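Heads up: the structure comes next, in structure tokens.
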Amino acid sequence: MNRRLALLVLPLLLAVAGCTSGTADDPAPRPAAAERPSPFRDCTGLSTAPTAASPGVGTAASPGSSTATPKAGGQELPELSLACFTGGSPISLRDVAGPAVINVWASWCPPCRKELPAFQRLSERTAGQLQVLGVNSRDSRGGAQSIGEDFGVRFPILVDQGEALQRELKRNAIPLTLFVDADGRIRHIDASGALDDAQLAKLVRQHLGLAVPA
């Protein structure tokens, strides 16, 4: 009787021993990889109007030129809030203090990649006089991050995965660039393709009345 009982209990003991020994040898779970720091600036300063004039940057004043002063009118920025790439509270587009240039882009868009360095240079040349920011549209975070790192893009980036801004503007294609005056009104929307330094300077002068140094 005792022998039969032992034969019945022994497999159970071996099964329990196998489970515990197996778990004891399991490797410890690896910690999650640290998220790379964002290459872009945060969005905290977007609601503060640029007021500190930089050398060589100012109001365009060409006597007899119809492009020296921006025309009146223009539509308001859409009543839309977007997340900042670096986190924090969503940013209302209508809280962005102009004058501003807003570039809508994505890492999978070749003309967008081509023109982004020119927008970075515009941001540097007009620091204190003009806000330059991006709206990353229908893109992956990793793709946008890599472009920022590879192309040296540092200005603030908002995230619009659902293309809400494009829908509000009734525009489909990107890149798309908005020229916004100090009153928050859109003076011009450019959808002509990749812009270079000279074209950006011309458009800023024509629609915002600001001279951009070479």
Side-chain angles (χ1 to χ4, degrees), residues 35-52 54 74-109 112-113 115-149 151-191 195 200 203-204 207-208 210:
E35 186 173 317
R36 306 200 310 267
S38 168
F40 311 116
R41 282 207 321 270
D42 63 46
C43 303
T44 54
L46 291 179
S47 60
T48 303
T51 54
S54 300
Q75 68 182 99
E76 281 188 295
L77 280 167
E79 195 168 349
L80 184 66
S81 292
L82 298 173
C84 181
F85 192 93
T86 58
S89 301
I91 303 297
S92 170
L93 287 182
R94 290 191 176 180
D95 287 342
V96 174
V101 172
I102 303 175
N103 179 241
V104 185
W105 66 281
S107 64
W108 45 262
C109 161
C112 300
R113 296 195 300 270
E115 70 178 3
L116 276 171
F119 282 92
Q120 176 59 33
R121 290 188 291 271
L122 178 68
S123 175
E124 295 166 359
R125 291 167 180 166
T126 60
Q129 193 77 11
L130 178 71
Q131 301 232 53
V132 177
L133 63 144
V135 174
N136 186 242
S137 177
R138 200 161 55 84
D139 204 354
S140 68
R141 183 175 180 87
Q145 171 115 5
S146 294
I147 289 295
E149 293 168 345
F151 288 60
V153 178
R154 299 293 177 261
F155 50 82
I157 300 293
L158 303 178
V159 180
D160 185 12
Q161 294 288 23
E163 299 178 297
L165 177 57
Q166 290 164 259
R167 291 200 309 271
E168 290 286 341
L169 298 173
K170 296 180 173 55
R171 303 283 183 135
N172 294 321
I174 57 173
L176 200 64
T177 304
L178 284 61
F179 295 82
V180 182
D181 69 12
D183 296 322
R185 304 190 75 84
I186 301 171
R187 298 299 180 181
H188 177 66
I189 299 177
D190 188 274
L195 298 171
L200 274 174
L203 290 167
V204 168
H207 300 290
L208 301 180
L210 297 175

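Small disclaimer: the values here were computed from a predicted structure and weren't measured. Both backbone and side-chain heavy atoms feed into the values below; hydrogens, waters and symmetry mates do not.
Considering all non-hydrogen atoms of both residues, Ala106 and Ile174 come closest at CB-CD1, 3.8 Å. Nearest heavy-atom pair across Cys84 and Val159 is C-CG2, 4.5 Å. In terms of heavy-atom proximity, Ile157 sits nearest to Trp105 at CD1-NE1, 3.6 Å. The two residues Thr126 and Leu122 have their closest heavy-atom pair at OG1-O, 2.6 Å. Across all non-hydrogen atoms, the minimal contact from Pro78 to Leu169 is CG-CD2, 4.1 Å. Smallest separation of non-hydrogen atoms from Leu77 and Arg94: O-NE, 2.7 Å.
Residues forming a salt bridge (charged side-chain N to carboxylate O under 4.0 Å, His left out) with Glu149 (at least two apart in sequence, or on another chain): Arg36. Thr177 pairs by the side chain to side chain donor-acceptor pair (under 3.5 Å) definition with Asn103, not counting sequence neighbours. Every side chain to side chain donor-acceptor pair (under 3.5 Å) that Arg138 has, sequence neighbours left out, goes to Glu163. Every side chain to side chain donor-acceptor pair (under 3.5 Å) that Ser107 has, sequence neighbours left out, goes to Asp139. Residues passing the side chain to side chain donor-acceptor pair (under 3.5 Å) test with Asp160: none are found, sequence neighbours excluded.
Judged purely by atom type and a 3.5 angstrom limit, Gln131 has no side-chain atom pairing as donor or acceptor with the backbone of Ile102. Panel note: side chain Ser146, backbone Gly142; a donor-acceptor pair is recorded below 3.5 Å. Checking side-chain atoms of Arg41 against main-chain N and O of Thr86 turns up no donor-acceptor pair under 3.5 Å. Between the side chain of Asp181 and the main chain of Asp183, a donor-acceptor pair closer than 3.5 Å is present.
Put simply, the residue from Phe119, Phe151, Phe85 that forms a ring-ring contact (aromatic ring centres under 6.0 Å, His included) with Phe40 is Phe85.
With values rounded to the nearest 0.5 angstrom, Leu158 atom CG is found 10.0 Å from Ser81 atom OG. For the atom pair CD (Glu124) and CZ (Phe155), the distance works out to 10.0 Å, reported to the nearest 0.5 Å. For the atom pair OG (Ser38) and CZ (Arg154), the distance works out to 9.0 Å, reported to the nearest 0.5 Å. Taking CG of Leu203 as the start and NE2 of His188 as the end, the distance is 5.0 Å to the nearest 0.5 Å. Annotation: the span from Trp108 atom CH2 to Arg113 atom CZ amounts to 10.5 Å, rounded to 0.5 Å. With rounding to the nearest 0.5 Å, the separation of CG in Leu165 from OG in Ser137 is 8.0 Å.
Counting heavy atoms from C-beta on, the side chains of Leu208 and Val101 come closer than 4.5 Å.
For the salt bridge (Lys or Arg N to Asp or Glu O under 4.0 Å) condition, no pair includes a residue of residues 95-109, sequence neighbours left out.
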